[in-house]
Amino acid sequence: MATEKIGRTLLVAAAVALGCSAMVSLAIQFLRPVQDAYAQLGRNRAVLAAAGELPETVSDRMVVSRYLDLDVRMVDMSSQVFVDSSPVGDARLYDHWALGEGSPLLLHVSAEATSDQPSLLPRYVPVYLVWEGQTLHRLVLPIHGQGMWSTIYAYLALNGDLSTVAAMQVYRHGETPGIGDRIEDPKWLSTWIGKRVYDDTGRSQLHVTRGSSDSPYRVNLITGASVTSEALGNIVRFWLGPQGYGPLLQALRGSTLPLNPP
Ligand SMILES: Cc1cc2nc3c(=O)[nH]c(=O)nc-3n(C[C@H](O)[C@H](O)[C@H](O)COP(=O)(O)O)c2cc1C
């Protein structure tokens, strides 16, 4: 009798557990499109903030509409040129950060890359151009790389000279709340503005270091979060270097690659 009771209790418990997990799975499936839409909105906001096109109060609808108005170009990282027609669909909706590990759309970076930088790069990367009339005002470049605990995703905006920082916007990371997440502090991010990213020889030279923010090539690190803040400097140097956007920017600066408003 007692065994029969225990058996029935276990059966009921198993049925309840099964029912609950089915409901959770259904909720996850059901909410995925909503989550994706919010992720897309968050990215749109970060791009617009880096582009200098995000007013303080703006509705979600306005964010999307302003984002869709941006001039988006797809860069082929293997040849470091803009591709005319995107082989991966609408450049404005393409999320190169969402590629899975085995994706054929990832490129192996050559052996010169250091171990703390990505060994795989997305083949196609969307970049954002902001025009003032016929003049390029800003170029917004997505960058990512290893922080202390996580991959840091950010948008670096260069001024039209393609040599100085217009804005730095951290989009996503998994660094420690209260410590590493201080890289999101708008006050610290504002210290990046105006810094030079290339030296006179064209080398990618921006560093995040302790106590040397007077230099045009230096951003002061965050005390107590030096690992994460220095990492952001490493990420920028990598992406502006020969494995990243370096050759593209050089061609654009030297006008060997024509750049016209849409
Ligand atoms: C639990 C824990 C989490 C930490 N998380 C971070 C982090 O996310 N980013 C970071 O830069 N430092 C983090 N630190 C601190 C680093 O270990 C290191 O002490 C700090 O970056 C050094 O900064 P400083 O050179 O300015 O003293 C963490 C430390 C502990 C104990």
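Atoms within each ligand, like the ligands themselves, are counted from 1 in listed order. Note that the coordinates shown come from a computational prediction; the quantities given were computed from them, not determined experimentally. FYI, side chains are in, hydrogens and waters are out, and symmetry mates aren't considered; it's all heavy atoms of this structure.
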Check: Hey, which atoms in ligand 1 end up nearer than 4.0 Å to a heavy atom of Thr228?
Finding: 7 (C), 8 (O), 9 (N), 10 (C), 11 (O)

Next item on the list: Measure from atom 13 (C) of ligand 1 to the protein's non-hydrogen atoms and state whether any distance is below 4.0 Å.
Entry: yes

Notebook entry, point to check: For ligand 1, is there an atom lying under 4.0 Å from some heavy atom of Glu230?
Noted result: no

Checklist line | Pairwise distance CG(Leu129) to CG(Asp71) - rounded to 0.5 angstrom | finding: 5.0 Å

Checklist line | Ile179 N/O under 3.5 Å from ligand 1 N/O | finding: no

Next item on the list: Side-chain contact test, heavy atoms from C-beta onward, threshold under 4.5 Å: evaluate it for Leu248 versus Val75 and give yes or no.
Entry: yes

Next item on the list: Please write down residue, atom name and distance for the protein heavy atom closest to atom 16 (C) of ligand 1.
Entry: Met148 CE, 3.9 Å

Check: Quick one: nearest non-hydrogen protein atom to atom 18 (C) of ligand 1, plus distance?
Finding: Val227 CG2, 4.4 Å

Notebook entry, point to check: Which protein non-hydrogen atom lies closest to atom 1 (C) of ligand 1, naming both residue and atom, and how far is it?
Noted result: Trp149 CZ2, 5.0 Å

Margin query: I want to know whether Tyr155 and Trp97 have ring centres closer than 6.0 Å.
Written below: yes

Notebook entry, point to check: Which residue and non-hydrogen atom of the protein lie closest to atom 24 (P) of ligand 1, and at what distance in Å?
Noted result: Ser226 OG, 3.4 Å

Margin query: Taking distance alone, with N or O pairs closer than 3.5 Å, would you say Ser229 contacts ligand 1?
Written below: no

Item checked: Under-4.0 Å protein heavy-atom contact, atom 8 (O) of ligand 1 -> yes

Next item on the list: Walk me through it: do Glu184 and His173 pass the test side-chain hydrogen bond (donor to acceptor under 3.5 Å, both in side chains)?
Entry: CA-CA 10 Å; Glu184 290 175 52; His173 64 82; 2.6 Å; yes

Note to self: Rounded at 0.5 Å granularity, tell me how far CD1 in Ile143 sits from OH in Tyr153.
What the structure shows: 12.5 Å

Item checked: NZ/NE/NH1/NH2 to OD/OE distance under 4.0 Å, Arg45 and Asp60 -> yes

Notebook entry, point to check: Polar-atom distance check: Thr223 versus ligand 1, any N or O pair below 3.5 Å?
Noted result: no

N/O donor to acceptor pairs below 3.5 angstrom from side-chain atoms of residues 9-33, sequence neighbours left out:
residue	atom	partner	partner atom	Å
Thr9	OG1	Lys5	O	2.8
Ser21	OG	Ala17	O	3.3
Ser21	OG	Leu18	O	3.0
Ser25	OG	Ser21	O	2.8

Notebook entry, point to check: Is a donor on one side and an acceptor on the other found under 3.5 Å between the side chain of Arg138 and the backbone of Ala50?
Noted result: yes

Note to self: Would you compute the distance between atom OG1 of Thr164 and atom CG of Asn159 and round it to the nearest 0.5 angstrom?
What the structure shows: 3.5 Å

Check: Do Arg92 and Asp90 meet the salt-bridge criterion of a basic N to acidic O distance under 4.0 Å?
Finding: yes

Next item on the list: Decide whether an N or O pair under 3.5 Å exists between Ala225 and ligand 1.
Entry: yes

Margin query: Strictly less than 4.0 Å: does any protein heavy-atom distance to atom 20 (C) of ligand 1 fall in that range?
Written below: yes

Margin query: Starting from atom 5 (N) of ligand 1, what is the nearest protein heavy atom, named by residue and atom, and what distance separates them?
Written below: Thr176 OG1, 2.6 Å

Margin query: Only heavy atoms of Gly180, strictly under 4.0 Å: list the atoms of ligand 1 that pass.
Written below: 7 (C), 8 (O), 9 (N)

Check: Should one rank Gly178, Gly224, Gly174, Gly147 by closest heavy-atom distance to atom 15 (C) of ligand 1, which comes out on top?
Finding: Gly224

